[in-house]
Amino acid sequence: DQYGPHQVRQDAGVYPGGLWEYGAATTTTTTPSALVPGAPAGLAASLGPDGSSQIDLAWAQGAPASTAWEIHQSSDNGTTWTTLTTSQPGATTAFSVSGLAQSTTYTFRVRGLLGDQVSAWSTSASATTTSAGGVCASLSGSATPSPSDRLASKYLEDDVLVKVNTNGGCAYGLRLRFTPGSGSPPSTYTVSMLQVGSEFQYAIAKNAYKWTTGATTFEILDPSNHVITQIAFAVADAP
């Protein structure tokens with residue numbers, strides 16, 4: 001076999017007649033184990049520019065590094081897998097999968113190759129394609145009131161209503177991400193927005209967070225965690 005311990009026996013000679021061995025010696029040598037690549041980390045799947053038929057993958061190299069990647073795809077939540085490639089260069093940790101069916105959830109996994117050795121599989125990652133023409137996009141957004149007055153307690157004087165109008169392709173919901181700014185370091189919050197037709201809303205309760213005065217930004221995230229729009233928001237001390 002190629003790897004592991006081996007015993008080597010060397011006989012210097014035998015007595016005449018070959019009755020028994022003479023000068024026999026046994027030694028053990030060990031062949032170094034093969035280098036196994038580290039498993040890739042942080043596999044992420046997100047919708048491509050054409051979200052109805054393309055999903056983009058990205059991951060991080062493991063250690064030891066791989067010289068190539070093997071990528072699998074599943075459309076039944078990992079019950080069965082299809083091999084997409086076994087020759088993706090190891091230096092490239094991104095891959096685009098196109099020609100996918102609309103409104104379908106796909107699951108992916110990646111492992112590294114190094115010679116005839118393979119790494120463990122990455123954790124799986126999934127994304128759902130949209131219907132044709134249904135890529136989630138924002139048309140307009142607002143935060144009311146802005147600027148919003150802050151009381152001496154650092155809480156807002158009024159609730160703030162954040163609204164986003166979309167093209168109707170955001171079937172899996174939007175989220176609002178914001179940083180009130182109070183605290184060190186300030187905490188960032190991500191909350192799900194309520195869908196009403198093609199409009200999404202979220203009311204930030206006036207007594208839910210302590211705020212820092214000044215300008216900040218509300219970020220609206222699509223189902224693939226992409227920022228599709230930003231809304232300016234300002235906080236001022238109450239007069």
Side-chain angles (χ1 to χ4, degrees), residues 3 32-131 134-138 169-179 185-193 195 200 202 219-229:
Y3 308 107
S33 299
L35 193 63
V36 178
L43 177 63
S46 58
L47 296 182
D50 181 358
S52 63
S53 64
Q54 180 179 327
I55 293 175
D56 295 334
L57 305 178
W59 61 94
Q61 176 74 269
S66 303
T67 56
W69 303 105
E70 180 176 352
I71 303 172
H72 284 189
Q73 166 189 306
S74 173
S75 57
D76 56 11
N77 198 32
T79 301
T80 57
W81 295 94
T82 300
T83 301
L84 298 178
T85 181
T86 58
S87 58
Q88 173 77 354
T92 305
T93 55
F95 188 80
S96 292
V97 187
S98 58
L100 300 174
Q102 300 174 19
S103 303
T104 303
T105 298
Y106 290 93
T107 304
F108 302 89
R109 65 183 184 181
V110 179
R111 68 178 175 181
L113 309 178
L114 180 58
D116 58 357
Q117 300 299 302
V118 298
S119 75
W121 287 105
S122 68
T123 55
S124 60
S126 300
T128 303
T129 55
T130 64
S131 58
V135 177
C136 183
S138 170
C170 305
Y172 298 94
L174 298 181
R175 290 175 298 151
L176 166 66
R177 183 167 65 193
F178 61 98
T179 303
S187 298
T188 297
Y189 300 91
T190 303
V191 295
S192 297
M193 303 186 76
Q195 182 176 6
F200 288 80
Y202 186 83
E219 294 180 320
I220 308 301
L221 308 176
D222 71 4
S224 297
N225 215 36
H226 295 142
V227 177
I228 61 171
T229 195

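Counting begins at 1 with the first residue of the sequence.
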Subject >> Donor-acceptor contact below 3.5 Å, side chain S122 vs main chain G42 >> reply: no

Original post:
Is there a side-chain contact between L114 and S66 (heavy atoms, below 4.5 Å)?
Top reply: no

Original post:
How many angstroms lie between CZ in R109 and OG1 in T123, if you round to the nearest 0.5 Å?
Top reply: 12.0 Å

Original post:
Which class fits the ring pair H72 and W81: parallel under 30°, tilted 30 to 60°, perpendicular over 60°?
Top reply: tilted

Original post:
Would you say the side chain of I55 lies within less than 4.5 Å of the side chain of T129, judging by non-hydrogen atoms?
Top reply: yes

Original post:
Minimum heavy-atom separation for S74 to D76, with atom names?
Top reply: OG-OD1, 2.7 Å

**OP:** Would you please test E70 and W121 for side chain to side chain contact (heavy atoms under 4.5 Å, CB included) and show each step?
**Re:** CA-CA 9 Å; E70 180 176 352; W121 287 105; 4.1 Å; yes

Subject >> R175 backbone acceptor or donor facing Y202 side chain under 3.5 Å >> reply: no

**OP:** Enter the distance from I220:CD1 to M193:CE here, rounded to the nearest 0.5 Å.
**Re:** 4.5 Å

Original post:
Do you know which two heavy atoms are closest between A120 and A39, and how far apart they sit?
Top reply: O-CB, 3.6 Å

Original post:
If you take all heavy atoms of S187 and T179, which pair is closest and at what distance?
Top reply: O-CG2, 3.4 Å

Original post:
Which atom names give the shortest non-hydrogen contact between A125 and A45, and what distance separates them?
Top reply: CB-N, 3.9 Å

Original post:
T190 versus L176: any side-chain heavy-atom pair under 4.5 Å?
Top reply: no

Original post:
Looking at OG1 of T128 and CD of Q102, how far apart are the two atoms once the value is rounded to the nearest 0.5 Å?
Top reply: 13.5 Å

Original post:
Heavy-atom distance under 4.5 Å between the side chains of L47 and D56, does that happen here?
Top reply: no

Original post:
Checking Q61 side chain against A91 main chain: does a donor-acceptor pair fall under 3.5 Å?
Top reply: no

Subject >> Backbone N/O of G112 and side chain of Q117: donor-acceptor pair under 3.5 Å >> reply: no

**OP:** Ignoring hydrogens and angles, tell me if any N or O in the side chain of W69 forms a donor-acceptor pair with the backbone of G90 under 3.5 Å.
**Re:** yes

**OP:** Tell me, with the steps shown, if V227 and L221 meet side chain to side chain contact (heavy atoms under 4.5 Å, CB included).
**Re:** CA-CA 5 Å; V227 177; L221 308 176; 3.5 Å; yes

Original post:
Which heavy-atom pair separates L174 from D222 by the least distance, and what is that distance?
Top reply: CD2-CA, 3.7 Å

Original post:
Are any non-hydrogen side-chain atoms of Y106 and V97 less than 4.5 angstrom apart?
Top reply: no

Subject >> Option among T86, L84, T92 that satisfies the side chain to side chain contact (heavy atoms under 4.5 Å, CB included) test with Q88 >> reply: T92

